[in-house]
Amino acid sequence: MQNLLKNLNEEQLAAVTLPAQSALILAGAGSGKTKVLTTRIAWLIQSGQVSTSGILAVTFTNKASKEMLNRLSNMLQISTNSIWVGTFHGLCNRFLRFHYQDAGLPKSFQILDSQDQISVIRRLLKKFNIDSEKYPPKELMYFFNKAKDRGLRANEIEIIDDVQKQYINIYSLYEEQCNKEGNVDFAELLLRSYDLLHMNEPLRNHYQNRFKYILIDEFQDTNDLQYKWLKLLSGNDGNVFAVGDDDQSIYAFRGANVDNMSLFKKDFRVKNLIKLEKNYRSFGHILDTANYLISHNNRRLGKNLHTDLGHGELIRIFEAESDLIEAKWLIEEISYLVSLGWSKKDIAFLYRSNAQSRIIEYALFSASIPYKVYGGLRFFERAEIKYAIAYIALINNLNNDSAFMKIVNFPSRGIGMKSLEYLQKTATNSNNSLYSSIPFLEGKPRFILESFKSLIENISKASNEMSLPNLIDYVLAKSKLIDYYKSQKDGLDRVENLKQLSSASSIFLSEEGFNQDSNANEKSLEINDAINLNNDSNISDLISPLDAFLSYASLEAGDAQSDTYQDAIQLMTVHSAKGLEFDAVFITGLEEGLFPHENSEKIEDGIEEERRLMYVAITRARKRLYLSFAQSRMLHGQKRFGIKSRFFNELPQASLNWLNQKYHFEKDEDNNISDLTRGFAGELLPTKNKIGSFSWQIGQSVFHKKFGEGVIVNIEGNSIYGRANINFGSNGMKLLDLSIAKLEKI
DNA sequence: GACGTTGTCCTTTTT
DNA sequence: GGACAACGTC
């Protein structure tokens with residue numbers, strides 16, 4: 001026990017050993033937040049205050065919950081299996097699998113990811129002849145999700161105008177459709193769980209009694225519904241240990257509400273507020289940069305990080321001519337670091353949006369440097385995998401129209417639009433699922449659909465006799481998915497992915513403790529059984545391997561494939577870097593419109609959130625931080641010119657080191673950049689050359705007295721006297737007369 | 001009526 | 001660059 005607590009500082013120790021009351025821990029980046037959380041859990045268990053089943057620990061990402069479980073099993077000698085640790089979504093899924101009957105769900109309910117959600121909405125619009133131009137599926141999805149995040153059903157939303165009324169109508173149609181199919185979207189997992197706890201008193205009492213200690217990480221990222229869920233579950237004399245950092249709130253776009261932190265203080269009568277401001281991660285210049293940047297935000301609880309580590313190195317900034325050169329510079333720089341003995345897995349390339357990874361990947365690949373991309377198009381989000389999963393989802397629940405539609409004619413088997421419209425109509429008239437309506441058809445459509453039906457029946461029968469991995473191989477063969485991709489000229493990668501699916505399932509089963517040989521799970525549970533059982537039972541005792549695997553496919557999307565130990569450069573978005581740390585961090589693509597993202601300007605407090613995102617990015621670095629931006633970048637298949645991010649103006653200049661003058665590029669006769677060469681650290685060149693009139697070029701960076709820094713995006717007419725479209729970033733796009741406007745070259 | 005091809009649209013971040 | 005819809009062809 002003493003061992004457990006000996007490495008904590010005063011504040012950390014105080015937090016870990018707080019009495020059983022609600023508490024709010026304001027924990028800055030790198031202040032030992034995860035350490036405090038896990039040590040508290042271990043301490044509670046080891047000191048005998050609670051058994052493992054009395055703890056509920058909530059995180060926001062799968063990565064974080066895995067990390068927590070890892071650390072716990074290192075600290076504790078006992079099994080951590082019965083501790084409920086997971087994401088909100090994962091925990092709610094588990095809860096609903098136990099109590100599906102009470103929640104009004106079929107045993108094998110399927111979880112929809114956002115792609116699936118969109119296609120449900122599309123089908124719905126078609127079915128009811130609703131104009132998808134006027135009611136874009138994506139907008140509808142945002143609307144539904146936002147409502148659910150606030151805990152609202154269709155009939156609980158206030159009607160403001162006619163358009164909104166129609167949104168609400170479609171919302172209830174959507175709910176109806178999902179219920180009929182037995183499908184549940186991400187937000188629904190939470191709302192269902194909440195409703196069930198809310199309505200069902202015995203169940204609520206049971207869980208309130210069971211979870212003596214609730215701990216939650218990244219509290220600033222909770223949305224309204226999650227807050228209500230915590231409140232309900234913790235009961236009246238709630239005991240919630242919340243850890244968070246308002247400066248790292250970066251999920252407002254999915255409903256997170258920072259105000260929950262101050263609300264929590266009041267609602268949960270928090271007596272214990274502890275601030276962890278000592279940073280153990282980063283050197284001084286890095287922290288100064290982060291502190292100075294975030295001080296530009298208005299809505300803050302207030303907190304300043306400090307360190308004992310000393311100033312360390314200056315922040316290195318690089319301006320590239322293009323995204324390609326930025327990528328080349330990245331390679332050059334990390335090769336240098338590696339040659340100095342830095343390890344690749346401690347170096348991260350961060351970017352604002354996933355699309356930016358491509359060019360960096362290409363450069364790394366060409367240089368034969370091992371790298372690992374997190375996020376992006378995940379394994380289970382790939383088209384071919386989604387098809388395979390849809391076959392399995394359909395045999396698991398024949399009412400799943402979404403899965404049905406996805407695969408009924410894929411690979412194509414001669415079932416066209418007309419036949420499906422006919423089927424749809426028949427199904428709608430009899431209020432049956434598509435699959436079960438097949439026998440009521442007539443003529444040729446009936447004939448071809450019956451053959452599809454027997455395919456599904458065949459697979460279904462096989463599923464009772466085979467293990468999951470074998471079943472998957474069977475599906476791939478019988479459905480002809482593999483054959484289809486083999487016949488495609490660029491289908492080889494997809495064939496490989498499909499082949500990986502069965503081994504992925506077998507790894508999953510063994511990790512989750514399932515019996516590999518059988519797919520059977522004949523235990524059908526009454527509510528009381530479930531209550532009695534789940535105190536110390538594994539999820540594998542209650543859920544069929546198939547259901548579990550399908551949930552896993554939706555909830556985890558196969559993010560981190562297990563080669564974490566390989567020494568490779570880490571590539572990820574800033575969002576997915578939250579909670580991680582690296583010796584060297586490169587924040588790339590720091591251009592107006594990209595970071596901060598242009599969409600954020602239209603959103604209330606959007607720029608503040610982007611700034612917090614930047615804050616998160618900066619505080620990932622331990623020893624060395626690089627910032628880079630490019631004058632031009634390929635975007636949507638087009639070359640776009642940008643100017644450097646406004647965030648550069650919000651950094652402490654004394655901590656910055658502008659690298660540009662220390663590098664030069666070698667160009668061949670065709671003006672292609674052949675290689676990037678490390679140059680000498682020369683004198684700083686003057687940055688602004690005042691020149692009278694000369695020929696302007698697209699892509700030229702300019703300075704204007706009123707509008708600030710900009711980039712020439714287009715020139716009309718003569719390049720000396722014509723007019724130019726100039727992108728002034730936050731000051732907008734201006735059309736200026738080149739002979740009149742006093743522009744300076746930068 | 002089904003299938004392959006072309007054209008058009010969008011493109012932030014995650015469970 | 002990718003997903004989907006509309007188009008023309010078999």
Side-chain angles (χ1 to χ4, degrees), chain A residues 58-65 86-93 111-119 122 126 132-133 136-138 142 145 148-149 184-190 218 221-223 225-226 249-256 350-359 362 374-378 380-383 386 409-422 443-445 448 488 490 551-557 559 572-579 589 593-603 606 609-610 612-614 616-617 634-638 640:
Chain A
V58 192
T59 64
F60 271 82
T61 63
N62 298 307
K63 225 187 276 167
S65 56
T87 63
F88 270 109
H89 295 88
L91 294 168
C92 285
N93 178 47
I111 303 165
L112 302 177
D113 67 16
S114 11
Q115 278 179 59
D116 305 327
Q117 221 182 337
I118 292 267
S119 39
R122 279 223 179 88
K126 224 176 234 166
S132 63
E133 299 274 293
K138 222 171 171 186
Y142 291 147
N145 290 348
K148 290 188 184 191
D149 284 345
V184 168
D185 60 44
F186 286 138
E188 184 69 27
L189 282 172
L190 302 184
E218 310 280 11
D221 287 331
T222 50
N223 64 32
L225 181 59
Q226 289 161 342
S249 162
I250 55 173
Y251 284 105
F253 70 90
R254 66 169 202 217
L350 306 185
Y351 35 80
R352 175 70 234 279
S353 64
N354 282 305
Q356 289 165 252
S357 76
R358 185 180 306 275
I359 188 157
Y362 179 74
Y374 293 80
L377 189 57
R378 297 183 186 82
F380 287 103
E381 285 169 3
R382 292 173 186 280
K386 294 218 82 163
N409 196 37
F410 193 91
S412 50
R413 43 177 76 88
I415 304 173
M417 277 299 291
K418 285 285 162 195
S419 303
L420 289 175
E421 273 169 23
Y422 175 33
K444 192 181 161 209
I448 44 174
Q488 298 276 306
D490 44 6
S551 301
Y552 169 76
S554 310
L555 287 175
E556 304 221 8
D559 204 26
M572 66 194 83
T573 64
V574 179
H575 279 89
S576 37
K578 184 152 86 154
L594 203 57
F595 200 176
H597 197 275
E598 52 199 346
N599 293 359
S600 68
E601 299 220 43
K602 301 170 215 140
I603 301 164
E609 173 140 326
E610 294 288 305
R612 290 193 292 268
L613 197 51
M614 181 68 185
V616 168
M634 291 301 283
L635 220 59
H636 321 156
Q638 254 186 341
R640 288 229 314 214

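Every chain is numbered from 1 and lettered A, B, ... according to where its sequence line falls, protein lines coming before strand lines. All values below come from the heavy atoms of this structure, side chains included, with hydrogens, waters and symmetry mates left out.
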Nearest whole angstrom, please: distance from the [atom2] of [N] to the [atom1] of [X].
X       : N       : atom1 : atom2 : value
Y142(A) : dT14(B) : OH    : P     : 12 Å
N145(A) : dT15(B) : CG    : P     : 14 Å
K578(A) : dT15(B) : NZ    : P     : 11 Å
Q356(A) : dT12(B) : CD    : P     : 12 Å
L350(A) : dT13(B) : CG    : P     : 14 Å
E218(A) : dT14(B) : CD    : C1'   : 13 Å
R612(A) : dT13(B) : CZ    : P     : 18 Å
M572(A) : dT13(B) : CE    : P     : 15 Å

Could you work out which one of [options] sits closest to the side chain of [X]?
X       : options                   : value
R122(A) : dT14(B), dT12(B), dA5(C)  : dA5(C)
T573(A) : dA5(C), dT13(B), dT15(B)  : dT13(B)
S576(A) : dT14(B), dA5(C), dT12(B)  : dT14(B)
S412(A) : dG1(C), dC3(B), dT14(B)   : dC3(B)
N409(A) : dT15(B), dT14(B), dC3(B)  : dC3(B)
F253(A) : dC4(C), dG1(B), dT13(B)   : dT13(B)
N354(A) : dT12(B), dT13(B), dC4(C)  : dT13(B)
S353(A) : dT14(B), dT15(B), dT12(B) : dT12(B)
Y251(A) : dT14(B), dT15(B), dA5(C)  : dT14(B)

To the nearest 0.5 Å, what is the distance between [atom1] ([X]) and [atom2] ([Y])?
X       : Y       : atom1 : atom2 : result
K148(A) : N223(A) : NZ    : CG    : 13.0 Å
E218(A) : F60(A)  : CD    : CZ    : 7.5 Å
D149(A) : T222(A) : CG    : OG1   : 11.0 Å
L594(A) : R640(A) : CG    : CZ    : 8.0 Å
F88(A)  : S65(A)  : CZ    : OG    : 12.5 Å

OP1 or OP2 of dT15(B) less than 4.0 angstrom from a side-chain nitrogen or oxygen of N93(A), does that happen here?
->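 For N93(A), the contact criterion (side-chain N or O under 4.0 Å from OP1 or OP2 of dT15(B)) is not met.
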Dump the pairs, protein N or O against N or O of nucleotides 8-10 of chain C, anything under 3.5 Å, distances to one decimal.
none

Does the side-chain hydrogen bond (donor to acceptor under 3.5 Å, both in side chains) test come out yes or no for Q356(A) and S353(A), once each step is laid out?
-> CA-CA 6 Å; Q356(A) 289 165 252; S353(A) 64; 3.1 Å; yes
dT12(B) pyrimidine/purine six-ring stacking with H597(A), under 5.5 Å and 30° |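 H597(A) ring centre within cut-off of dT12(B) base, planes near parallel; stacks.
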Kindly confirm whether the side-chain ring of F88(A) is stacked on the base of dT15(B), judged by centres under 5.5 Å and planes under 30°.
->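 Aromatic stack with dT15(B) absent for F88(A).
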Please write out the pairs of protein N or O atoms and N or O atoms of nucleotides 7-11 of chain B separated by less than 3.5 Å, giving the distance to one decimal.
{"unit_1": "dT11(B)", "atom_1": "O4", "unit_2": "H636(A)", "atom_2": "ND1", "d": "3.2"}

Pick base, sugar-phosphate or nothing for S419(A), based on heavy-atom distances below 4.0 Å to the nucleic acid.
->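 Sugar-phosphate, backbone atoms only, no base.
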Give I118(A) one of three labels, base, sugar-phosphate or nothing, depending on what nucleic acid heavy atoms sit under 4.0 Å from its own.
->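 Nothing, no nucleic acid heavy atom in range.
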Taking the six-membered ring of Y374(A), is the NZ or CZ of K63(A) close enough (under 6.0 Å from the centre) and on axis enough (within 45°)?
->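 Satisfied, under 6.0 Å and within 45°.
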Taking N and O atoms by type only, does the side chain of R352(A) place a donor or acceptor under 3.5 Å from a partner on the base of dT12(B)?
->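 Yes.
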Please figure out whether I415(A) or S600(A) has its closest DNA chain B nucleotide nearer the 5' end.
->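 The 5'-side residue here is I415(A).
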Working for side chain to side chain contact (heavy atoms under 4.5 Å, CB included), residues L555(A) and N62(A) | CA-CA 9 Å; L555(A) 287 175; N62(A) 298 307; 5.5 Å; no
Taking S119(A) for the side chain and D116(A) for the main chain, is one N or O donor matched with an acceptor at less than 3.5 Å?
->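 Yes; judged by distance alone, with no hydrogens or angles, the pair exists.
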Do Y351(A) and V574(A) come close enough that some side-chain heavy atom pair is under 4.5 Å?
->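 No, their side chains stay 4.5 Å or more apart.
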Ring centre gap for F253(A) and H575(A) strictly below 6.0 Å |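 Ring centres of H575(A) and F253(A) closer than 6.0 Å.
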